[in-house]
There are 2 protein chains.
Amino acid sequence: MAQAIPFRQASPLKASCHQCSLSNLCLPLAIEENDLDRLEDIVQQGRIFNRGEHIFDQSTPYRSCFAVKSGSIKTSIITENGEEQVTGFFMPGELVGLDSIGSEHYACTAKALERTSVCEFPMEKLEELTGKLPELQHHMYHLMSQEIQNSHQLAMLLSKNTAEERIAALLLSLSSRFQRRRMSPTNFSLPMARNDIANFLGLAVETVSRVFTRFQNQGIIKARGREVELLDIEALQMVSREFSRQCNS
Amino acid sequence: MAQAIPFRQASPLKASCHQCSLSNLCLPLAIEENDLDRLEDIVQQGRIFNRGEHIFDQSTPYRSCFAVKSGSIKTSIITENGEEQVTGFFMPGELVGLDSIGSEHYACTAKALERTSVCEFPMEKLEELTGKLPELQHHMYHLMSQEIQNSHQLAMLLSKNTAEERIAALLLSLSSRFQRRRMSPTNFSLPMARNDIANFLGLAVETVSRVFTRFQNQGIIKARGREVELLDIEALQMVSREFSRQCNS
DNA sequence: CGTCCGATTTGATCCATGTCAACTATGTAC
DNA sequence: GTACATAGTTGACATGGATCAAATCGGACG
């Protein structure tokens, strides 16, 4: 139940970053075509996790960061008094585990929200490689700093915005992230439960639910369970007045 | 009023990281004695800013990150609709500007809270250097990831904790940061205004004020203006039940 | 197809904190 | 020293969202 079964070890072990459809979102985007092999040498591709399985656990020795290939992941931290705080949702092309790079242990737990495949980058080797490829190093810095900015953005959302604004911002963030992957920005299904949304946004589940129905009554969205359709993106941007850069992850 | 006057260009221009009392908190801690010169080659030491002066401005092209030598700095971001969100406070030995590394522009504005001296690390050169010194690179990763963790910690504080808990956590964070510098962990003066505290913690100024007096009435702290004395640290840790790792910046 | 359990929704009530307003203290300029 | 501005405190009141409770939905499984 908790074991990831590597499952037909992805056809050729090295399905290769060259052909990966996400290469323009993921690490390869920072790498020259001819250096790409060096990244492929260290990456372990196509590990698969079922819904609910942990990709890594908080306080466990840090080994790798992971790129989402398909599916989605949620990260969360558990406090001393046992409360959970969801710190981010990660979609294909995004990197998980940046918040612990350079640390001894994972700072959070990463859990598959659905059947999810990831590429694993052993950090030791990745650090070695970034030492040799300035472009890659720069990109890592960039990714990490964006993670900081996202988190600040989230903090801001939490401290200054109403429930409606927070939820609008989240929907818009998801929308633009789907769009980046050339999927519909208006029609998608939420990878996470209401509970996770509530936790992430610092709200009670009941409030999330109420806001969803309110938005629906106003004709801004249509939602049935996790299926969501954004009917009026501009209205959403209005609500989330801060035009939601990304409240995300 | 807005110009930083370099002010007697710190005695010898290179006061040197070797003798800096903060070298065990700052970047040098990751560097071998004999490589330290290479860091000194790129750092510009001892720039001084008066209270209220900007070290750098949001949306300005990114050039450098800065280490606080003395004094203190607050960083904040301004949203499209003109609201300010304080994202962190930085004390001696801490690095400012990590949230923009690898980006084209500064993601926030950094402002001196009092007369403050900083060391400037031009990022271009620093990236070059981290490419050559694996230890330093690792340390940069570590610092950045900690920044992410701190920010997550802050988000958590904002989304799950009461006003009292937030303020207790902040006081404890400051306390431990003073202690690291071998200053009194119980007797210090707050570098920032109530307003900044309120903004940072997502509260109204009035609430901050009220909590301070409440703590005072309970004999947990003594506060007169910015002078603070923590009378009962354990009580504070009790209040901030999550034993406040660091809620800080 | 019915059962069960978790997820989601809806309703009623309460409270922590925001907001507005007034007052006080502190500091700075003349 | 006086005056004005800025920062901090205190009080009264309003409210968004939490909490508690209960109903409904939906999917997994036999």
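Side chains are part of it too, since the values below use all heavy atoms of this structure and drop only hydrogens, waters and symmetry mates. Naming: A, B, ... by sequence-line order, numbering from 1 per chain.
Separating the CG atom of B:D196 from the C1' atom of D:dG8 is a distance of 13 Å, rounded to the nearest angstrom. Atom CG of B:N161 and atom C1' of C:dA16 are 14 Å apart (whole Å). Nucleotide C:dT17 holds its P atom 12 Å from the CG atom of B:L157, rounded to whole Å. Rounded to whole Å, the distance from CD on A:E164 to C1' on D:dG16 is 11 Å. When the C1' atom of D:dG16 is taken as reference, atom CZ of A:R166 falls 10 Å away, rounded to whole Å. Distance CG (B:N50) to P (C:dT28): 13 Å, rounded to an integer number of Å. Remark: P of D:dA18 and NZ of B:K160 are 10 Å apart, rounded to the nearest angstrom. Rounded to whole Å, the distance from CE on B:M192 to C1' on D:dA7 is 15 Å.
Considering B:K74, B:R226, B:K111 in turn, B:K74 is the only one that fulfils the salt bridge (charged side-chain N to carboxylate O under 4.0 Å, His left out) rule with B:D196. Put simply, the residue from A:V228, A:I221, A:L231 that forms a side chain to side chain contact (heavy atoms under 4.5 Å, CB included) with A:F215 is A:I221.
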### Task
Evaluate the side chain to side chain donor-acceptor pair (under 3.5 Å) criterion for residues B:E114 and B:S72: first the C-alpha distance (whole Å), next the side-chain angles of each, then the deciding distance (0.1 Å), finally the verdict.
CA-CA 6 Å; B:E114 53 195 313; B:S72 52; 2.5 Å; yes
Kindly indicate, with the supporting measurements, whether the criterion side chain to side chain donor-acceptor pair (under 3.5 Å) is fulfilled by B:R177 and B:S173.
CA-CA 6 Å; B:R177 286 149 85 190; B:S173 163; 3.2 Å; yes
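Salt bridge annotation for A:E83-B:K160: absent, with no cationic side-chain nitrogen under 4.0 angstrom from a carboxylate oxygen. Salt-bridge formation is not detected for the pair A:E94/A:R181: no Lys NZ or Arg NE/NH1/NH2 atom is positioned less than 4.0 Å from an Asp or Glu carboxylate oxygen.
A heavy atom lying under 4.0 Å from DNA chain D marks the following residues of residues 210-222 of chain B, by number: B:R210, B:T213.
Within the 4.5 Å cutoff, no side-chain heavy atoms of A:L113 are placed close to those of A:R51.
Candidate nucleotides D:dA18, D:dT10, D:dT9 were compared by shortest atom distance to the side chain of B:E206, and D:dT10 ranks first. Of the candidates D:dA18, D:dG8, D:dG17, D:dA18 carries the atom nearest the A:A204 side chain, counting heavy atoms from C-beta on. Nearest to the side chain of A:R194, among C:dT9, C:dT17, D:dT9, sits C:dT9.
Both key distances under 3.5 Å define a Watson-Crick or G-U pair, and stretches of 3 or more such consecutive pairs in DNA chain C run C:1-30 with D:1-30.
Aromatic pair B:F66/B:F56: centroids less than 6.0 angstrom apart.
In terms of modelled atom types and a separation under 3.5 Å, the side chain of B:Y106 and the main chain of B:S64 share a donor-acceptor contact.
Close to C:dG18, at under 4.0 Å from its OP1 or OP2, lies a side-chain N or O of B:T207.
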